Amino acid sequence: MLLGMTPMAARADLVHRLTTSTQLSVDAAYSSGTRLGSTYTVSGNNIKVASSDDHFGKLITPSGTAAATLDAGTYDINTAGSAFSFSESYTSGDAVNTIGSGVDVASGVVADMPAYGTNFTSSGGVAGTLAGTITSAGVMTLTAGGAGTSATGQFVSEITVR
């Protein structure tokens with residue numbers, strides 16, 4: 001009975017895929033500054049200016065690129081013997097940087113910053129010796145660069161049998 005049967009041939013689809021990739025990146029220099037303006041606030045009760053020639057504090061308009069300054073006032077209690085409250089706050093603002101000053105970038109690195117109240121700096125990358133190779137045999141070589149760089153290598157071997 002077995003002699004009359006022919007063996008069936010084995011069949012299979014086989015796919016072998018090799019994929020390689022290298023990604024090298026160098027971050028850019030970045031600097032952001034926010035200029036703060038001068039501010040003055042005052043509040044209270046039962047307070048008055050000391051004389052008719054006096055005033056509450058005020059900001060003085062600057063000249064050129066300077067920040068506004070405070071001209072402090074002279075105060076007195078309005079009704080002696082009564083309760084009073086007084087509060088004032090002054091923030092000295094930033095001077096205006098002239099065009100072309102404040103930030104220098106050389107070789108991808110932020111060398112100096114604007115002198116503003118709020119600053120964010122990310123020093124740029126320097127490629128330096130940054131490199132990456134993958135041979136046809138899948139041998140991967142990645143070389144670190146300077147600050148702000150990254151190197152990523154990938155080798156994928158995929159086998160599909162159907």
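Keep in mind that what you see is a predicted model, and the values were worked out from it rather than measured.
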Response to the item:
The reported gap from CD in Glu158 to OG1 in Thr160 (rounded to nearest 0.5 angstrom) is 4.5 Å

Discussion item. Assess, by modelled atom type and distance only, whether the side chains of Ser25 and Ser150 contain a donor and an acceptor separated by less than 3.5 Å.
Written reply: yes

Worksheet item: Considering all heavy atoms of both residues, which atom of His16 and which atom of Ser157 are nearest to each other, and what is their separation?
Response: NE2-OG, 3.2 Å

Worksheet item: Atom CG of Leu142 and atom OG1 of Thr133: how far apart are they, to the nearest 0.5 Å?
Response: 7.5 Å

Practice prompt. Compare every heavy atom of Ala67 with every heavy atom of Ser38, then report the nearest pair and how far apart it is.
Written response: OG-CB, 3.9 Å

Response to the item:
One should read off an interatomic distance between Lys48 NZ and Thr74 OG1, to the nearest 0.5 angstrom, of 13.0 Å

Worksheet, complete the sentence: Rounded to the nearest 0.5 Å, the CG atom of Asn46 sits from the CG atom of Asn78 at a distance of 5.5 Å

Worksheet, complete the sentence: Between the CG atom in Leu130 and the CG atom in Leu24, the distance rounded to the nearest 0.5 Å is 4.5 Å

Worksheet item: By the rule that ILVMFWY residues connect when side-chain heavy atoms come within less than 4.5 angstrom, directly or transitively, which residues belong alongside Leu59?
Response: Tyr40, Val42, Ile47, Val49, Phe56, Leu70, Tyr75, Ile77, Phe84, Phe86, Tyr90

Worksheet item: Would Leu14 and Ile159 satisfy side chain to side chain contact (heavy atoms under 4.5 Å, CB included), going step by step from the backbone distance to the final call?
Response: CA-CA 7 Å; Leu14 177 66; Ile159 298 176; 3.8 Å; yes

Worksheet entry | Nearest non-hydrogen partners of Val26 and Val126, listed with the distance | CG1-N, 4.1 Å

Worksheet item: If every non-hydrogen atom of Met140 is compared with every non-hydrogen atom of Gln154, which pair is closest and at what distance?
Response: CE-N, 3.7 Å

